Amino acid sequence: VTSVVSTMSRTFEFPVPTTACVQDSGDVAFMMMTTTFVMLQTPAMGLAQAGLIRRKNCLSLILQTISGLVIGSLLWYIFGFSLTFGPSLGGFIGSFKFSFLLNLNPDECMIAADTIPMYSAL
């Protein structure tokens, strides 16, 4: 029973990040492009929904979608990045090591992808 538990716990561990990060410009450009698409998607959703409602409510709806983008960005800055890319706690969720984007080493790569620098996931 002990060997089964130790084998299962090892399957959920991520490799320790190295300090020598070999950055691939294509991977970084892809991350920047996909982030740009997601940031443009939220206001576009507001515009699409504004076309379906009465004219007097359009500004309110667009402001609601923009405020959702702002709140989501702040939550990502405060603890979302850390829970996603931080050191693993039990193989399920990250720790709060990178809360408020503190303790980030610009030369360190992401744990799950060795060619993408840690700061590009911001």
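For clarity, every value in this text was computed on a predicted model and none was experimentally measured.
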Are [X] and [Y] in one and the same hydrophobic cluster, where Ile, Leu, Val, Met, Phe, Trp and Tyr link if side-chain heavy atoms are under 4.5 Å apart?
X: I71; Y: W76; value: yes
X: L83; Y: F100; value: yes
X: I78; Y: L101; value: yes
X: L102; Y: F96; value: yes
X: I93; Y: L75; value: yes

So does [Y] get a backbone contact from the side chain of [X], meaning a donor-acceptor N/O pair under 3.5 Å?
X: S60; Y: N57; answer: no
X: N103; Y: F98; answer: no
X: S99; Y: F79; answer: no
X: T42; Y: M39; answer: no

State the [atom1]-[atom2] distance between [X] and [Y], to the nearest 0.5 angstrom.
X: M31; Y: T36; atom1: CE; atom2: OG1; answer: 11.0 Å
X: L61; Y: L47; atom1: CG; atom2: CG; answer: 9.0 Å
X: T65; Y: Q41; atom1: OG1; atom2: CD; answer: 11.5 Å

Restricting to non-hydrogen atoms, name the atom on [X] and the atom on [Y] that form the minimum distance, rounded to 0.1 Å.
X: T84; Y: G80; answer: OG1-O, 2.8 Å
X: P87; Y: K97; answer: CG-CD, 3.7 Å
X: C58; Y: A50; answer: SG-O, 3.2 Å
X: L89; Y: G94; answer: CD1-O, 3.8 Å

